[in-house]
Student: 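Structure in structure tokens, see below.
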Amino acid sequence: MSRQRPTQNRMNAGRRPPSPGRRPPAMGRPPVRRPKGKAPFKKKMRSYYYSKSEDDFEEEYMRKALLRSILCTVVLTGFSVLLFFLRFQPPLLPKMFAIELSAIPEIFAAIAYGPIAGVLICLLKCAIHALVMPDYIVTDASAFVVEAVFVAFVGIFYSLRVFPINPRPDRTVGPYFRETTILLGGFLGLFVALPTHFLMTNYFLFPMFEKLYASADVTPQAIIKNYNVSLLAIRAHLPDTFGSLVPIVKEVWQGIVFVNLPVMAFKLLLITVLTALIYPFVSPFLHYRPAVIEPEEDLEEKINA
């Protein structure tokens with residue numbers, strides 16, 4: 001006589017019927033009974049948050065914020081070096097007036113971590129470029145001074161305006177306050193960076209070129225000739241009304257004023273506008289913001305729920 005296979009009704013005989021909303025136990029498997037009370041991981045989470053003092057939280061916050069600052073500074077340095085090699089040539093101008101946007105990561109660091117961080121990235125960028133291309137060491141030194149002055153000014157202006165030392169009680173911040181602060185700081189930074197660029201080019205860059213490349217006929221007359229060639233090319237592409245406004249230079253400093261300074265002003269304004277547009281999207285990745293810890297009463301209610 002064959003044995004009869006037990007059915008579901010026979011196996012569940014004598015058991016309590018499942019409560020509404022609860023899945024019935026599988027055939028041949030006893031129901032899992034969980035112990036009543038709080039879940040172990042919730043107890044652990046509660047003890048983790050509320051067994052620490054304020055000093056422990058502050059120490060942990062400072063450690064993680066410092067680690068985030070160091071890592072982001074390294075990443076921004078890499079982007080700055082990459083952008084320093086990616087240059088575009090303005091039309092009708094010599095190769096020496098190529099524009100690069102490597103100051104954008106430097107301003108990010110100056111705004112997020114202070115002016116010293118931005119200047120440090122600028123220094124590392126110019127040092128790496130000088131090691132890779134030693135022929136441009138004089139140009140890199142001049143570019144470092146000009147960009148360091150501009151980046152430091154923007155960082156200091158942003159810090160003083162966004163985080164004032166003695167804020168007014170009725171001080172209100174608009175929705176685009178940070179973006180307008182970056183734009184205003186970059187515009188005011190032109191009045192510091194352009195005189196610095198003129199001094200570095202007239203009294204450091206060109207005299208060093210004359211000493212280092214004397215055999216290549218780098219003389220003031222050759223520099224003035226290159227300036228006039230560029231200015232005549234610009235005049236040829238303008239209508240007669242505006243073409244007459246383009247001068248012919250007779251001194252090196254005049255060429256710096258009419259060629260170098262407009263190109264540098266366009267470059268810094270472009271960098272400022274791009275920084276103001278991109279920074280709101282980059283800011284969450286630059287700052288360490290710990291998770292908001294709920295009060296003990298609210299957490300107790302969620303655990304018991």
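All figures in this text were calculated on a predicted structure; none of them were measured in a lab.
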Student: So how far is it from Gln221 CD to Asn226 CG, rounded to the nearest 0.5 Å?
Tutor: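 Between Gln221 CD and Asn226 CG, I get 12.0 Å after rounding to 0.5 Å.
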
Student: Please report the interatomic distance CZ(Phe79) to SG(Cys72), rounded to the nearest 0.5 Å.
Tutor: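 Atom-to-atom, Phe79:CZ and Cys72:SG are 11.0 Å apart.
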
Student: So which heavy atom on Gly155 is nearest to which on Pro115, and how close?
Tutor: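 Gly155 and Pro115 have their closest heavy atoms at C-CG, 4.0 Å.
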
Student: Please find the pair of heavy atoms, one from Val252 and one from Ile223, that lie closest to each other, and give the distance.
Tutor: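 Result for this residue pair: CG1-CG2, 4.4 Å.
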
Student: With no hydrogens and no angle check, is any side-chain donor or acceptor of Ser283 less than 3.5 Å from a backbone partner on Pro280?
Tutor: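 It does not hold such a pair.
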
Student: I'd like to know whether CZ of Phe281 has more than 12 heavy-atom contacts from other residues, nucleotides or ligands below 6.0 angstrom.
Tutor: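 No, not enclosed.
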
Student: If hydrophobic clusters are built from ILVMFWY residues whose side chains come within less than 4.5 Å, do Val145 and Val138 share one?
Tutor: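 Linked within one cluster.
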
Student: Any non-hydrogen side-chain atom of Leu184 less than 4.5 Å from a side-chain atom of Thr180?
Tutor: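 No - every pair of side-chain heavy atoms lies 4.5 Å or more apart.
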
Student: For residues Phe84 and Asp140, determine if any side-chain heavy atom of one lies less than 4.5 Å from a side-chain heavy atom of the other.
Tutor: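 They are in side-chain contact.
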
Student: Looking at every non-hydrogen atom in both residues, tell me the closest pair between Ile137 and Ala130 and how far apart they are.
Tutor: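 Taking every non-hydrogen atom into account, CG1-CB, 4.3 Å.
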
Student: Is any side-chain heavy atom of Val162 closer than 4.5 Å to a side-chain heavy atom of Arg178?
Tutor: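 Sidechains of Arg178 and Val162: in contact.
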
Student: Is there a side chain to side chain donor-acceptor pair (under 3.5 Å) between Lys125 and Thr77? Walk through the geometry before answering.
Tutor: CA-CA 7 Å; Lys125 174 198 70 177; Thr77 303; over 6 Å; no

Student: Can you confirm whether Lys267 sits close enough to Ile271 that some side-chain heavy atom of one is under 4.5 Å from a side-chain heavy atom of the other?
Tutor: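 Of all side-chain heavy-atom pairs linking Ile271 with Lys267, at least one is under 4.5 Å.
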
Student: Determine, using the 4.5 Å side-chain heavy-atom cutoff (strictly less than), whether Phe108 and Phe163 are members of one ILVMFWY cluster.
Tutor: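 Phe108 clusters together with Phe163.
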
Student: In Å, rounded to the nearest 0.5 Å, how long is the span from CD1 of Ile224 to CG of Asn228?
Tutor: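 The CD1 atom of Ile224 sits 7.5 Å away from the CG atom of Asn228.
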
Student: Would you say the side chain of Met208 lies within less than 4.5 Å of the side chain of Ser142, judging by non-hydrogen atoms?
Tutor: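 No, too far: nothing below the 4.5 Å cut-off.
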
Student: Between the side chain of Ser80 and the main-chain N/O of Leu76, is any donor-acceptor distance below 3.5 Å?
Tutor: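 A pair under 3.5 Å: no.
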
Student: Taking only residues two or more places apart in sequence, or in another chain, which ones meet Val74 in a side chain to side chain contact (heavy atoms under 4.5 Å, CB included)?
Tutor: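 By the side chain to side chain contact (heavy atoms under 4.5 Å, CB included) rule, Val74 matches no residue at all.
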
Student: Please assess Lys64 against Glu59 for the test salt bridge (charged side-chain N to carboxylate O under 4.0 Å, His left out), listing each intermediate value before the final yes or no.
Tutor: CA-CA 9 Å; Lys64 292 185 177 180; Glu59 182 180 356; over 6 Å; no

Student: Before giving the answer on side chain to side chain contact (heavy atoms under 4.5 Å, CB included), spell out for Ile248 and Leu232 the whole-Å C-alpha distance, their side-chain angles and the decisive distance to 0.1 Å.
Tutor: CA-CA 8 Å; Ile248 299 298; Leu232 289 176; 3.5 Å; yes

Student: A side-chain contact here means heavy atoms from C-beta on lying under 4.5 Å apart; do Phe206 and Ile256 qualify?
Tutor: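 SC-SC contact between Phe206 and Ile256 confirmed.
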
Student: Taking the side chain as every heavy atom from C-beta outward, state whether Phe258 and Pro247 have any pair of such atoms under 4.5 Å apart.
Tutor: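 Answer yes - side chains close enough.
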
Student: Nearest 0.5 Å, what's the CG-OG1 distance between Leu190 and Thr272?
Tutor: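 With rounding to 0.5 Å, CG (Leu190) is 6.5 Å from OG1 (Thr272).
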
Student: What are the two closest heavy atoms between Tyr279 and Leu286, and how far apart are they?
Tutor: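 Looking at all heavy atoms of both residues, the shortest contact is CE1-CD1, 4.0 Å.
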
Student: Would Leu269 end up clustered with Ile99 when hydrophobic side chains under 4.5 Å apart are linked, directly or stepwise?
Tutor: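 In one cluster: yes.
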
Student: Does atom CZ (Phe204) have a neighbourhood of more than 12 heavy atoms from anything else shown, all under 6.0 Å?
Tutor: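 Buried by this count: over 12 neighbours within 6.0 Å.
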
Student: When rounded to the nearest 0.5 angstrom, what distance separates OH in Tyr113 from CG in Leu66?
Tutor: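 Output value for this atom pair is 10.5 Å.
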
Student: Count I, L, V, M, F, W, Y as connected when their side-chain heavy atoms are under 4.5 Å apart, and connections chain through other members. Are Leu268 and Ile156 then in the same cluster?
Tutor: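 Different clusters.
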
Student: Does Tyr213 have more than 12 heavy atoms from other residues, nucleotides or ligands lying within 6.0 Å of its OH?
Tutor: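 Above 12, so yes.
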
Student: Tell me if the CG atom of Leu212 is crowded by more than 12 foreign heavy atoms within 6.0 Å.
Tutor: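 Buried by this count: over 12 neighbours within 6.0 Å.
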
Student: Using a 6.0 Å cut-off, check whether atom OH of Tyr176 has over 12 heavy atoms from anything other than its own residue.
Tutor: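 Atom OH in Tyr176 is not packed in, count stays at 12 or less.
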
Student: Sequence neighbours excluded, which residues qualify as side chain to side chain contact (heavy atoms under 4.5 Å, CB included) partners of Pro239?
Tutor: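 Only Phe242 meet the side chain to side chain contact (heavy atoms under 4.5 Å, CB included) criterion with Pro239.
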
Student: Return the CD1 to CD1 distance between Ile107 and Ile182, rounded to the nearest 0.5 Å.
Tutor: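 Between atom CD1 of Ile107 and atom CD1 of Ile182 there are 8.0 Å.
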
Student: Using side-chain heavy atoms (C-beta onward) and a distance below 4.5 Å, is Leu123 in contact with Val119?
Tutor: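 Leu123 vs Val119: side chains apart.
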
Student: Is it possible for you to check whether Arg87 lies under 6.0 Å from the centre of the six-membered ring of Phe85, through NZ or CZ, and within 45° of that ring's axis?
Tutor: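 Judged by the rule (NZ or CZ under 6.0 Å from the ring centre, within 45° of its axis), Arg87 is not positioned above Phe85.
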
Student: List, one per line, each side-chain donor-acceptor pair under 3.5 Å for residues 191-203, sequence neighbours excluded.
Tutor:
from	atom 1	to	atom 2	distance (Å)
Thr196	OG1	Val192	O	2.8
Thr201	OG1	His197	O	2.7

Student: Of all heavy-atom pairs between Thr181 and Arg161, which one has the smallest distance, and what is that distance?
Tutor: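 That closest heavy-atom pairing would be OG1-NH1, 2.9 Å.
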
Student: For the residue pair Leu188 and Phe157, what are the closest heavy atoms and their distance?
Tutor: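 Minimum heavy-atom separation between Leu188 and Phe157: CD1-CE1, 3.8 Å.
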
Student: Please check if Phe144 and Met133 belong to a single hydrophobic cluster, counting links between Ile, Leu, Val, Met, Phe, Trp and Tyr side chain heavy atoms closer than 4.5 Å.
Tutor: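 In one cluster with Phe144: Met133, no.
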
Student: Determine whether a donor-acceptor pair (N or O, by modelled atom type, separation under 3.5 Å) exists between the side chain of Glu251 and the backbone of Trp253.
Tutor: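 Between the backbone of Trp253 and the side chain of Glu251 there is no qualifying donor-acceptor contact (under 3.5 Å).
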
